[in-house]
Amino acid sequence: MALFWGYFSRFSSLASSLIIMPFALANFTEAEFSLWMIFVAFYGLIVVFDFGLSSTFSRQMNYVLCGAQTLEKQGVSGEFDKSNINYALFSTVIDSAKFIFLIIAVLTTLILAIAYFFYLETVASNSGLNIQYEWLLYSAAVVINIFCLLYNALFFGTNNVASIYKVTSYNNIAFFIVAISMILNGYTLIAIAVARVVSAFVYFVASKYEINKYKMLQGYQSVNFDKVKPTLFKILPNASRIGIVSLGNFMLTKISILIIAYYFSASDSATYSLALNLFTILSAVSLLYMTVVTPSLNRAMQEKSYQTVKRLQGRVRLVSMLMVVLGCIGISIIGPFLLKLIGSETSLPELPSLLFFSLMILLDVNRQISMNFIAANNHVPFSKAIVLSGCITLLATIALFELGYQHFILPIIIQIIVQSAFNNWYWTVVEKRTLKEMAVNAA
């Protein structure tokens, strides 16, 4: 059931994006469409503002609910009793998550306000647009989604994976219905902003319902902040490392949309953004099976069950890589035909450029599979390498654009070169080495 809802949530996300796109292209001016793409890029900051916390909190909940009696900064607990769940520790993890996500929500509000006054207001005014109400609503949606990261951690941490995909599906459907209805009635950017707020509210309410329905907070009792502080000191180091990885990934992908919008025409910016969004969705869909089985992988790591770990990781790589290969072929060959069929005024790049996008995503998916495996053992050694790659890619892209080498595929080529210098192969080697060590210990 989790896999069904997982694929349905991705399908609804993909369907809403693809269906809304031609309506937007038919009704938005070039300036409005470019601003929408910038809005989408900022929406991706939710993952960055999460800073790896939701996955870290969920992993700690997995450990506690399968018998861990202590939390460790790195590695898994040495004190393990499957018959005695430490609900006091479980409660401490949840209250730690509540506290930290409240702080993040406040900081997010400040950052989005600064982004408007020092970047978006200028970009919009240069096009003769006033987007203060649109940005206010869009920012509210982002902040609500930041709060909901707590629920995401709880869903995965209590192994109610289907629930997160259910509420995500409801969120996507609400966004699609509201956005299309308002666009057909003559609204443009405000339609997207209102749809985002409504869908965020749906996500919040549906999450509350799922948590109560499946009694995910069974055994939870609020604890004093004095107990929260030591838990945060143990959890935050690894979370910050994963957060740095999220920041690096944002610099490698989403921030390029802002750069392309600055250096290129609205037409080129739209083409690049469309391709990047499609391949990003493909990456998420390809890694869905990995996301679904990650709680089981976490538990197998805690229980030091080598055969289970090996079986799960092998399946993850087989399913994910097969899907990404088929998806790349579909986007590159069938994608342009489908866009013409629906009458889209924005086209995909030429086939050679799509091949570069495909290579980037193939390497990226393989790398993420390895890094997810390493993180399942509560080790995050790859944070510095990822953020360094992101910085190098960002600076190299801007430098070459300033020197006059202006082709919109350049950020993708630079990313492939920079990532392949280390990250695209090294972490897979670490994964294989870890499996060998586990095999030796299990013998």
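Side chains included, hydrogens not; waters and symmetry mates left out as well; all remaining heavy atoms used.
- Side-chain contact between N160 and E210 is absent, with no heavy atoms from C-beta onward closer than 4.5 Å.
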**Request:** Verify side chain to side chain contact (heavy atoms under 4.5 Å, CB included) between I416 and I412, making sure each step is shown before the conclusion.
**Result:** CA-CA 6 Å; I416 292 172; I412 304 300; 4.2 Å; yes
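- A distance of 6.0 Å separates CG of L129 from CG of L35, quoted to the nearest 0.5 Å.
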Practice task
Kindly indicate, with the supporting measurements, whether the criterion side chain to side chain contact (heavy atoms under 4.5 Å, CB included) is fulfilled by I94 and M216.
Solution key: CA-CA 11 Å; I94 291 177; M216 298 180 202; over 6 Å; no
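- In terms of heavy atoms, W36 sits closest to A24 at CZ3-CB, 3.4 Å.
- No side-chain donor-acceptor contact under 3.5 Å links N152 and S54.
- Within a 6.0 Å sphere centred on CD of E350, other residues, nucleotides and ligands contribute 12 heavy atoms or fewer.
- Between L354 and F279 the shortest side-chain heavy-atom distance falls below 4.5 Å.
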Report the C-alpha distance between Y119 and L258 in whole Å, list the side-chain angles of each, state the deciding distance to 0.1 Å, and finish with yes or no for side chain to side chain contact (heavy atoms under 4.5 Å, CB included). CA-CA 11 Å; Y119 175 72; L258 307 182; 4.1 Å; yes
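- One distance of note links CD of Q132 with CG of L137; it measures 11.0 Å at 0.5 Å rounding.
- A pairwise comparison of heavy atoms in I20 and A179 identifies CD1-CB, 3.8 Å as the closest pair.
- In this structure the side chain of P411 reaches within 4.5 angstrom of the side chain of I260, judged on heavy atoms.
- Using cut-offs of 30° and 60° for the angle between ring planes, the Y263 and F401 rings count as tilted.
- In this structure, the side chains of S273 and V40 stay at 4.5 Å or more apart for every pair of heavy atoms.
- Not one N or O on the side chain of S199 forms a donor-acceptor pair closer than 3.5 Å with the backbone of N172.
- The distance from the CG atom of L120 to the CZ atom of F42 is 5.0 Å, given to the nearest 0.5 Å.
- For the pair V197 and F201, the minimum side-chain heavy-atom distance is 4.5 Å or more.
- Partner of F204 under the side-chain contact (heavy atoms from CB on, under 4.5 Å) criterion, chosen from F147, Y209, Y151: Y151.
- Heavy-atom minimum distance, I192 versus F175: O-CE1, 4.0 Å.
- Taking CD1 of I144 as the start and OH of Y203 as the end, the distance is 13.0 Å to the nearest 0.5 Å.
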Q.
Pair S353, Y272 - check side-chain hydrogen bond (donor to acceptor under 3.5 Å, both in side chains), show working.
A. CA-CA 10 Å; S353 295; Y272 178 88; over 6 Å; no
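- L355 places none of its side-chain heavy atoms less than 4.5 Å from the side chain of L359.
- To the nearest 0.5 Å, atoms CG (L410) and CG (L400) are separated by 5.0 Å.
- The aromatic ring centres of Y116 and Y138 sit 6.0 Å or more apart.
- The shortest distance between side-chain heavy atoms of N366 and N424 does not fall below 4.5 Å.
- Although no hydrogens or angles enter the test, the distance criterion places a donor-acceptor pair under 3.5 Å between the side chain of R59 and the main chain of A375.
- In the model, S370 has a side-chain atom that pairs as donor or acceptor with a side-chain atom of R317 under 3.5 Å.
- Not one N or O on the side chain of T122 forms a donor-acceptor pair closer than 3.5 Å with the backbone of F118.
- Closest approach of L362 to M321, counting heavy atoms only: O-CE, 3.8 Å.
- Between the side chains of Q368 and N372, no donor-acceptor pair of N or O atoms lies under 3.5 Å.
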Kindly determine whether V365 and L282 satisfy side chain to side chain contact (heavy atoms under 4.5 Å, CB included), including the steps that lead there.
CA-CA 10 Å; V365 167; L282 171 60; over 6 Å; no
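- In terms of heavy atoms, F23 sits closest to L184 at CE2-CD2, 3.5 Å.
- The shortest distance between side-chain heavy atoms of P349 and I409 does not fall below 4.5 Å.
- When the shell of 6.0 Å around CZ of F356 is examined, it contains 12 or fewer heavy atoms from other residues, nucleotides or ligands.
- With rounding to the nearest 0.5 angstrom, the CG atom of L363 is 14.0 Å from the CH2 atom of W425.
- Taking both residues in full, the closest heavy atoms of E134 and A193 are given as O-CB, 3.4 Å, listed atom of the first, atom of the second, then distance.
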